[in-house]
Student: 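This is the structure I have questions about; it appears just below.
Each chain gets a letter, A, B and so on, in the order the sequences are listed, and its residues count up from 1. Please read these numbers as outputs of a predicted model, since none were measured by experiment.
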2 protein chains.
Amino acid sequence: MKEKIKNLTKEKIFNYCIKDFAKNGYSNVGIRKISKETGLSTGAIYYNFSSKEKIAWFLYDSATELVLNKIKTAIKKSTNGIEAIKSIISVLFQLTEENLHLMEYVLYVKHKDFLPGVPPICSSKPFEYIKRFIKTKIKEGVFEDMDMVIASSLIMGPIIRVIQLKMDGILKEDLNKYTEPLFNGIVKSVYRNQI
Amino acid sequence: MKEKIKNLTKEKIFNYCIKDFAKNGYSNVGIRKISKETGLSTGAIYYNFSSKEKIAWFLYDSATELVLNKIKTAIKKSTNGIEAIKSIISVLFQLTEENLHLMEYVLYVKHKDFLPGVPPICSSKPFEYIKRFIKTKIKEGVFEDMDMVIASSLIMGPIIRVIQLKMDGILKEDLNKYTEPLFNGIVKSVYRNQI
DNA sequence: GTCTATACACGGATAGAC
DNA sequence: GTCTATCCGTGTATAGAC
């Protein structure tokens with residue numbers, strides 16, 4: 001993602017805002033603060049983004065796109081449906097460890113409070129992609145035949161929960177430690193061929 | 001809860017704010033708007049609450065207290081650990097159907113953006129109560145022996161996920177319909193004595 | 001206890017120099 | 001393309017009459 005941002009000023013704004021929007025909330029971060037913290041003038045900021053809202057949209061698009069790509073490659077690399085679940089957990093935990101602010105911006109921020117018409121995050125590209133994957137695996141008989149709402153909640157619910165515990169500061173440990181045990185629990189709830 | 005609010009003005013403010021804070025976000029709801037929509041003057045509002053933040057605290061305390069009480073009675077009424085899980089799901093779904101705004105305010109709103117020092121919602125009274133319950137049941141051998149982080153995520157993750165789908169408007173159906181199938185999935189993931 | 005009027009700070013955004 | 005200075009609206013909160 002960062003590679004795609006040609007413009008140094010835009011990158012500075014991106015890096016600062018994703019951190020501060022996630023930490024303190026969009027409305028608590030003013031243009032003046034962004035200006036002060038990035039060392040850029042308000043003029044420079046408004047030259048690159050026509051409004052504060054556009055900054056938030058840019059963050060939203062970049063962040064969801066990055067998560068989508070990670071998920072895609074994780075699923076594609078997997079040889080079977082059950083392994084893919086582990087890859088999804090692993091890649092989301094990894095991403096949280098590497099780039100907590102980005103994951104906070106994706107999963108924790110209430111975008112609809114300041115981005116008019118934004119889809120709920122569960123309907124954003126990465127999560128729609130996962131839903132389609134689950135649907136396929138149900139059809140193929142890998143996962144038990146169940147309502148999509150139930151299936152996606154049983155799979156994604158616990159994963160998101162753990163990530164949020166990390167974001168809330170409840171969990172200090174490296175999330176990768178939880179990949180295996182969480183996977184085991186999730187599999188039991190949806191996998192067809194119980195051991 | 002409403003019964004406890006002796007003061008009519010306070011009740012008006014409560015009813016309006018819990019709805020609008022949840023829907024549009026705390027910072028997007030000004031005193032002038034609250035005044036206009038409740039038919040009260042700003043003077044009356046500030047007579048009852050010394051600041052806007054105090055309104056938010058009042059909502060937070062009342063709402064978490066109500067959820068805590070519902071959870072408590074649900075667990076106490078249950079004869080065994082596994083039935084208690086169903087009761088928890090049921091009562092939370094019921095509450096969402098009856099009082100969506102209240103549940104939105106509890107589960108969806110990012111309190112830390114405007115309530116300095118507020119604990120993350122997973123550390124609020126109702127959720128701490130559930131955690132203690134889970135811990136007990138693990139000790140008693142009802143649930144499999146697993147890390148508390150994993151156990152509580154496998155149980156609460158899917159429940160919260162479904163509720164958030166409702167809050168996001170993805171789910172139109174009555175949540176009670178999902179109690180049974182979700183319960184079945186969750187039980188498989190944590191219950192010790194598989195069938 | 002509730003009203004109206006108002007103080008005052010801070011928000012986003014723009015203009016125009018460089 | 002970035003700077004500084006400034007406009008104007010809206011935010012929370014208060015004062016003082018009733």
Student: OP1, OP2 of D:dT2 versus side-chain N and O of A:Y47: anything below 4.0 Å?
Tutor: no
Student: Of the residues in residues 34-45 of chain A, which ones touch DNA chain D at a heavy-atom distance under 4.0 Å?
Tutor: A:G39, A:L40, A:S41, A:T42, A:G43, A:A44
Student: Quick check with a 6.0 Å cut-off and a 45 degree axis cone: is B:K52 positioned over the face of B:Y26's six-membered ring?
Tutor: yes
Student: Salt bridge between A:K131 and A:E128, side-chain N to carboxylate O under 4.0 Å?
Tutor: yes
Student: Do B:K166 and B:E97 sit within salt-bridge range, that is, some charged N less than 4.0 Å from a carboxylate O?
Tutor: yes
Student: How would nucleotides 7-12 of chain C be written as a contact map, 5' to 3', with B for base contact, S for sugar-phosphate-only contact and - for no contact, using protein heavy atoms under 4.0 Å?
Tutor: ----BB
Student: Go through the steps to decide whether B:I82 and B:F143 satisfy the test side-chain contact (heavy atoms from CB on, under 4.5 Å), and finish with yes or no.
Tutor: CA-CA 8 Å; B:I82 215 68; B:F143 299 159; 3.9 Å; yes
Student: Output all residues satisfying side-chain hydrogen bond (donor to acceptor under 3.5 Å, both in side chains) with A:K19, sequence neighbours left out; order by chain, then residue number.
Tutor: none
Student: Tell me, please, which residues at least two apart from A:F49 pass ring pair (Phe, Tyr, Trp, His ring centres under 6.0 Å).
Tutor: A:F58
Student: With a 3.5 Å cut-off and sequence neighbours excluded, list the donor-acceptor pairs that the side chains of residues 110-119 of chain A form with protein atoms.
Tutor:
from	atom 1	to	atom 2	distance (Å)
A:K110	NZ	B:A22	O	3.0
A:H111	ND1	A:V109	O	3.4
A:H111	NE2	A:Y105	O	2.7
A:K112	NZ	B:K23	O	3.2

Student: Which residues satisfy the side-chain hydrogen bond (donor to acceptor under 3.5 Å, both in side chains) test with B:S41, sequence neighbours excluded?
Tutor: none
